Asks: 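First the structure, which I've put down as structure tokens, then a few questions once you've had a look.
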Amino acid sequence: MAPSPTGPLHIGTARTSLYNALFARHVGGTYVLRIEDTDLARSTADFERDILDNLHWLGITWDEGPQHAGGDAGGEDIGPYAPYRQSLRMDRYAREADRLLASGAAYHCWCTTDELDAVRREQEARKQAPRYNGRCLTLTDADRAQFEAEGRRPAVRFRVPAERIRFDDLIRGEVEFDNGLLGDFVIVRADGVPLYHFVVVIDDEQMEISHVIRGEDHLSNTPKHIALIRALGYREPVFGHIPLILNPDRSKMSKRKSQTAISDYREQGYLPEAMVNFLAFLGWSPGTKEEIFSLDELAARFEIGEVHKAGAVFDRDRLDYLNGVYIRGLTDDELTARLRPLLPAALADHVLAGLVPLVKERMVRLTDAVELSDFLSEPDEVVASWWSVDDLLPKGRDATEVAAALGAARAALAADDGWAAERLETVGREAAEAHGWKAGDFFKPIRVAVTGKAISPPLFGSMVLLGRERSLARMDGALERLRTGAAA
RNA sequence: GCCGCAUUCGUCUAGAGGCCUAGGACACCGCCCUCUCAAGGCGGAGAUCACCGGUUCGAAUCCGGUAUGCGGUACCA
């Protein structure tokens, strides 16, 4: 797996990482992670940290590669072929470029960006394939001396042999390209920085990569890599190109149209287990009716050859559903621990522990607990500001009637000295019956007064967590507003 | 433009010649349960298997073509 730290860990990169991990674990292989940071201008240490951190968060582990972010400052890489960051392997690439130059498989190109653009525009205007015209292939020594004298620095171009390239893709089967259609592409920039197609091939050889599993967007790059592999005398790895994850409009999933950073999902309260389960099924299925699988179970069943060929739309609804399933599958203690950092410190641990069973099956994301529990940590005045008198009224009842009902409820509940949920509910129901109201209607003003909202966790459990005094005080506050409102 | 890849309910998918009048899940709708909301249970609607032609007694499944979509076509990865 070879992510490029030019952005935060992307959903697609995470899924590719997952498939690599599942494949490696399933066949008992060695999973290698390499940081592709040759694009110095766009790569940052922060992005690298984000990628490694979030991969760890998902539970994806690798056998070789940087275990911690740190750039060249010293995240110690693990594995026999360290370093696993391309920015630290430049001497190796320079040596291989020299080999290619010496053998004539590559040549210097002095063309400037402007010159190349001009040629390309001309080709496009003539409806020709835009590719390098080979100008620097026929330069004389005098030409070269002239460019040198002008201060121009040459890039290195690979001389692409015009041949048909065929390979057996793990997922797509036999694929064939005609490299005669390709122009000679640059492998080392004029500033000496080697480019992706070149370094990936060198590293794969030196790190003894046997299987390259990557996104389908690399399928048409593969013939370039194979040509380079042959020119360098390397062993050809097995390739597998997995389908793309798509925006709802079926284009390649992008930041513009979808949320793509794993860290965003993490912040929004998605569980890593749910993300992994969801991502695994975006492009693969075990063929069973069962669809809840842990990482270990996935690794046990995963077959790379069963991966689909067509892209899959990222379906947020399905992720939400799965996340809810996983939240409900957590023990109360586990959920309490995961919720703790998201909720105000003022919310006491024992209150949180009591809250969890009340909200567990009402959550889609961990962050939902914030709104479900804020009535416990906000002061009475704030909670009172969330509602208006109208919010207290069940359908068809006016303020005077509701004041009477709430007054009766308050009196009955206050008369109970235990303040336990089950007992309170019994008292509440008896009071409702005595008052001649349906329980639902009778409880509505209590709910709004106590929790500030028409939708809340179970009422009596909520009242227990809030405490007798504050619950009664909030009901008193509501009664007051009902009476003044009714009077007005 | 050129090259490549793909195409089963809105979405994720099952399906590898007869078990398919195409199964499941999410989303949607209805009912039940119910102190609100969820969760849960039950049921419903939803796919002429992109299209056309062929092979075959028989095709979603095999072959050919067409269309559409997507990806690539950088001194980005």
Side-chain angles (χ1 to χ4, degrees), chain A residues 2-7 36-39 41-43 109 111-113 116-117 120 123-124 126-132 153-157 169 171-172 175-179 181-183 185-191 193-197 199-200 214-224 241 243-244 246 248-252 278 281-291 308-322 324-325 328 359-364 368 372 425 428-429 432 438-444 446-448 451 453-460:
Chain A
S4 185
T6 54
E36 310 231 315
D37 56 353
T38 52
D39 186 347
R42 294 197 299 145
S43 299
C109 172
C111 296
T112 63
T113 308
L116 294 170
D117 284 349
R120 190 163 20 243
Q123 290 168 330
E124 278 166 8
R126 273 186 277 157
K127 298 235 188 268
Q128 291 178 339
R131 56 171 151 151
Y132 185 61
R153 301 289 310 144
V156 179
R157 271 186 199 277
D169 191 276
I171 293 155
R172 276 146 226 286
V175 183
E176 189 180 306
F177 289 85
D178 183 1
N179 271 3
L181 266 21
L182 248 39
F185 55 91
V186 172
I187 55 175
V188 181
R189 303 200 315 198
D191 64 5
V193 175
L195 263 15
Y196 168 74
H197 297 306
V199 297
V200 80
R214 63 206 341 185
E216 189 193 342
D217 44 351
H218 284 297
L219 188 59
S220 42
N221 289 151
T222 305
K224 294 180 186 172
H241 290 90
L244 263 18
L246 275 20
D249 66 2
R250 306 202 75 88
S251 55
K252 180 164 97 169
F278 174 72
F281 277 68
L282 230 40
W284 176 76
S285 157
T288 60
K289 294 269 193 266
E290 182 60 45
E291 50 189 11
H308 303 157
K309 298 174 180 175
V313 173
F314 186 93
D315 181 6
R316 191 57 174 253
D317 282 335
R318 195 178 179 82
L319 206 213
D320 282 346
Y321 162 75
L322 269 179
V325 168
R328 277 172 251 131
V359 298
K360 195 189 212 173
E361 64 194 27
R362 272 161 256 265
M363 288 194 290
V364 167
D368 291 341
L372 250 12
E425 179 167 355
R429 286 183 187 285
K438 285 191 302 187
D441 288 348
F442 195 71
F443 294 164
K444 178 167 182 177
I446 311 177
R447 178 189 314 283
V448 174
T451 68
K453 299 168 188 178
I455 293 171
S456 79
L459 217 209
F460 302 101

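Here the structure is a predicted model, which means the values were calculated and not measured. We name chains A, B, ... by the order of the sequence lines, and we start the count at 1 in each one.
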Asks: With a 3.5 Å distance limit and no angle check, can you tell me whether A/Ser4 reaches the backbone of A/Glu36 through a side-chain donor-acceptor pair?
Replies: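 Side chain of A/Ser4 to backbone of A/Glu36, a donor-acceptor pair under 3.5 Å: yes, one is there.
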Asks: Along nucleotides 7-18 of chain B, 5' to 3', which nucleotides get a B, which get an S, and which get a -, given that the test is a protein heavy-atom distance under 4.0 Å?
Replies: S---BSSS----
Asks: Could you check whether the side chain of A/Arg42 and the base of B/C76 have a donor-acceptor pair of N or O atoms closer than 3.5 Å, going by distance alone?
Replies: yes
Asks: Take the protein atom CD of A/Glu291 and the nucleotide atom P of B/G24, then report the distance between them rounded to whole Å.
Replies: 12 Å
Asks: If you measure from the C1' atom in B/C31 to the same atom in B/G69, how many Å do you get, rounded?
Replies: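 Each nucleotide's C1' atom is 41 Å from the other's.
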Asks: Using purine N1 to pyrimidine N3 plus N6-O4 or O6-N4 for Watson-Crick, or N1-O2 and O6-N3 for G-U wobble, each under 3.5 Å, what pairs with B/C57?
Replies: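 Paired with B/G18.
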Asks: Please name all residues satisfying side-chain contact (heavy atoms from CB on, under 4.5 Å) with A/Glu124, sequence neighbours left out, ordered by chain then number.
Replies: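 Counting only residues at least two positions away or on another chain, A/Glu124 forms a side-chain contact (heavy atoms from CB on, under 4.5 Å) with A/Arg120, A/Pro130.
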Asks: Can you name the side-chain hydrogen bond (donor to acceptor under 3.5 Å, both in side chains) partners of A/Glu291, sequence neighbours left out?
Replies: A/Arg318
Asks: For A/Glu176, which contact category applies under a 4.0 Å heavy-atom criterion: base, sugar-phosphate, or nothing?
Replies: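 Sugar-phosphate contact only - A/Glu176 comes under 4.0 Å of backbone atoms but never of a base.
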Asks: Under 3.5 Å for both donor-acceptor distances, Watson-Crick or wobble: does B/G4 have a partner, and if so which one?
Replies: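 Base-paired to B/C70.
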Asks: If I take atom CG in residue A/Asp441 and atom P in nucleotide B/U34, what distance separates them, rounded to the nearest angstrom?
Replies: 16 Å
Asks: Can you tell me how far P in B/G43 sits from the matching atom in B/C52, rounded to whole Å?
Replies: 36 Å
Asks: Would you list the protein and nucleotides 72-75 of chain B atom pairs, both N or O, that sit under 3.5 Å from each other?
Replies:
from: B/G72; atom 1: OP1; to: A/Lys252; atom 2: NZ; distance (Å): 3.1
from: B/G72; atom 1: O4'; to: A/Ser220; atom 2: OG; distance (Å): 3.3
from: B/G72; atom 1: O2'; to: A/Ser220; atom 2: OG; distance (Å): 3.3
from: B/C75; atom 1: O2; to: A/Ala190; atom 2: N; distance (Å): 2.8
from: B/C75; atom 1: N4; to: A/Cys111; atom 2: O; distance (Å): 2.2

Asks: Taking atom C1' in both B/A59 and B/A16, compute the distance separating them and give it to the nearest angstrom.
Replies: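 To the nearest whole Å, 12 Å.
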Asks: Please give the distance between the C1' atoms of B/U48 and B/C42 as a whole number of Å.
Replies: 30 Å
Asks: Rounded to the nearest angstrom, tell me the gap between atom OH in A/Tyr196 and atom C1' in B/C76.
Replies: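 Whole-Å distance recorded here is 11 Å.
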Asks: Starting from C1' on B/A27, measure out to CG on A/Leu322 and report it in whole angstrom.
Replies: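 In whole Å, B/A27 C1' and A/Leu322 CG are 13 Å from each other.
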Asks: For A/Glu290, what residues pass the side-chain hydrogen bond (donor to acceptor under 3.5 Å, both in side chains) criterion, not counting sequence neighbours?
Replies: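 Result, side-chain hydrogen bond (donor to acceptor under 3.5 Å, both in side chains) vs A/Glu290: none returned.
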Asks: Where do N or O atoms of nucleotides 36-40 of chain B meet protein N or O atoms at under 3.5 Å, pair by pair?
Replies:
from: B/U36; atom 1: O2'; to: A/Ala454; atom 2: O; distance (Å): 3.2
from: B/U36; atom 1: N1; to: A/Arg447; atom 2: NH2; distance (Å): 3.4
from: B/U36; atom 1: O2; to: A/Ser456; atom 2: N; distance (Å): 2.7
from: B/U36; atom 1: O2; to: A/Ser456; atom 2: O; distance (Å): 3.0
from: B/U36; atom 1: N3; to: A/Arg447; atom 2: NH1; distance (Å): 3.4
from: B/U36; atom 1: N3; to: A/Ser456; atom 2: O; distance (Å): 2.6
from: B/U36; atom 1: O4; to: A/Arg362; atom 2: NH1; distance (Å): 3.4
from: B/U36; atom 1: O4; to: A/Pro458; atom 2: N; distance (Å): 3.4
from: B/C37; atom 1: O2; to: A/Arg362; atom 2: NH1; distance (Å): 3.0
from: B/C37; atom 1: N3; to: A/Arg362; atom 2: NH1; distance (Å): 2.2
from: B/C37; atom 1: N4; to: A/Arg362; atom 2: NH1; distance (Å): 3.4
from: B/A38; atom 1: O2'; to: A/Glu361; atom 2: O; distance (Å): 2.6
from: B/A38; atom 1: N1; to: A/Glu361; atom 2: OE2; distance (Å): 3.0
from: B/A38; atom 1: N3; to: A/Glu361; atom 2: OE2; distance (Å): 3.4
from: B/A39; atom 1: O4'; to: A/Glu361; atom 2: O; distance (Å): 3.3
from: B/A39; atom 1: O3'; to: A/Arg328; atom 2: NH1; distance (Å): 3.2
from: B/G40; atom 1: OP1; to: A/Arg328; atom 2: NH1; distance (Å): 3.4

Asks: Name all residues meeting the side-chain hydrogen bond (donor to acceptor under 3.5 Å, both in side chains) criterion together with A/Arg189; count only those two or more places apart in sequence or in a different chain, and write none if there are none.
Replies: A/Asp191
Asks: Output the rounded distance in Å from NE2 (A/His241) to C1' (B/C70).
Replies: 15 Å
Asks: Select base, sugar-phosphate, or nothing to describe what A/Val175 touches, counting heavy atoms under 4.0 Å on all strands.
Replies: sugar-phosphate
Asks: Which whole number of Å gives the distance between the C1' atom of B/U61 and that of B/G15?
Replies: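 Looking at atom C1' only, B/U61 and B/G15 are 8 Å apart.
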Asks: Please enumerate all residues that pass side-chain contact (heavy atoms from CB on, under 4.5 Å) together with A/Arg362, with sequence neighbours excluded.
Replies: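 A/Arg362: side-chain contact (heavy atoms from CB on, under 4.5 Å) contacts with A/Leu372, A/Pro458.
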Asks: What is the pairing partner of B/C49, taking Watson-Crick or G-U wobble pairs with both distances under 3.5 Å in any strand?
Replies: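 Partner of B/C49: none.
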Asks: Is there a Watson-Crick or G-U wobble partner for B/U36 with both distances under 3.5 Å, and if so, which one is it?
Replies: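 Paired with B/U36, as far as the under-3.5 Å criterion goes, is no nucleotide at all.
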Asks: Going by the rule ring-ring contact (aromatic ring centres under 6.0 Å, His included), which residues pair with A/His218 if we only count those two or more places apart in sequence or in a different chain?
Replies: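 By the ring-ring contact (aromatic ring centres under 6.0 Å, His included) rule, A/His218 matches A/Tyr196.
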Asks: I want to check something: taking the side chain as every heavy atom from C-beta on, are A/Val200 and A/Lys224 in contact at a cut-off of under 4.5 Å?
Replies: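 With C-beta onward as the side chain, the pair stays apart.
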Asks: For nucleotides B/C2 and B/U56, find the distance between their C1' atoms and express it as a whole number of Å.
Replies: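 Per the computed distance, 38 Å lies between those C1' atoms.
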Asks: Could you check which nucleotide pairs with B/C42 in any of the strands shown, counting Watson-Crick or G-U wobble with both distances under 3.5 Å?
Replies: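 Paired with B/G30.
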Asks: A/Phe314: what forms a ring-ring contact (aromatic ring centres under 6.0 Å, His included) with it, not counting sequence neighbours?
Replies: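 A/Phe314 satisfies ring-ring contact (aromatic ring centres under 6.0 Å, His included) with A/Tyr265, A/Phe278 once adjacent residues are dropped.
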Asks: For B/A25, give the paired nucleotide (Watson-Crick: N1-N3 plus N6-O4 or O6-N4; G-U: N1-O2 and O6-N3; both under 3.5 Å), or none.
Replies: B/U11
Asks: May I ask which nucleotide in the shown strands pairs with B/C75, Watson-Crick or G-U wobble, both distances under 3.5 Å?
Replies: none
Asks: Taking the side chain as everything from C-beta on, heavy atoms only, tell me whether A/Ile171 gets closer than 4.5 Å to A/His241.
Replies: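 No, side chains not in contact.
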Asks: Check whether A/Asn221 reaches the backbone of A/His197 with its side chain - one donor and one acceptor, N or O, closer than 3.5 Å.
Replies: no
Asks: For A/Asn179, enumerate each residue passing the side-chain contact (heavy atoms from CB on, under 4.5 Å) test, keeping only those at least two apart in sequence or located in another chain.
Replies: A/Val160, A/Ile165, A/Leu182, A/Pro223, A/Ala227
Asks: Who are the ring-ring contact (aromatic ring centres under 6.0 Å, His included) partners of A/Tyr321, not counting sequence neighbours?
Replies: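 For A/Tyr321, no residue satisfies ring-ring contact (aromatic ring centres under 6.0 Å, His included) once neighbours in sequence are set aside.
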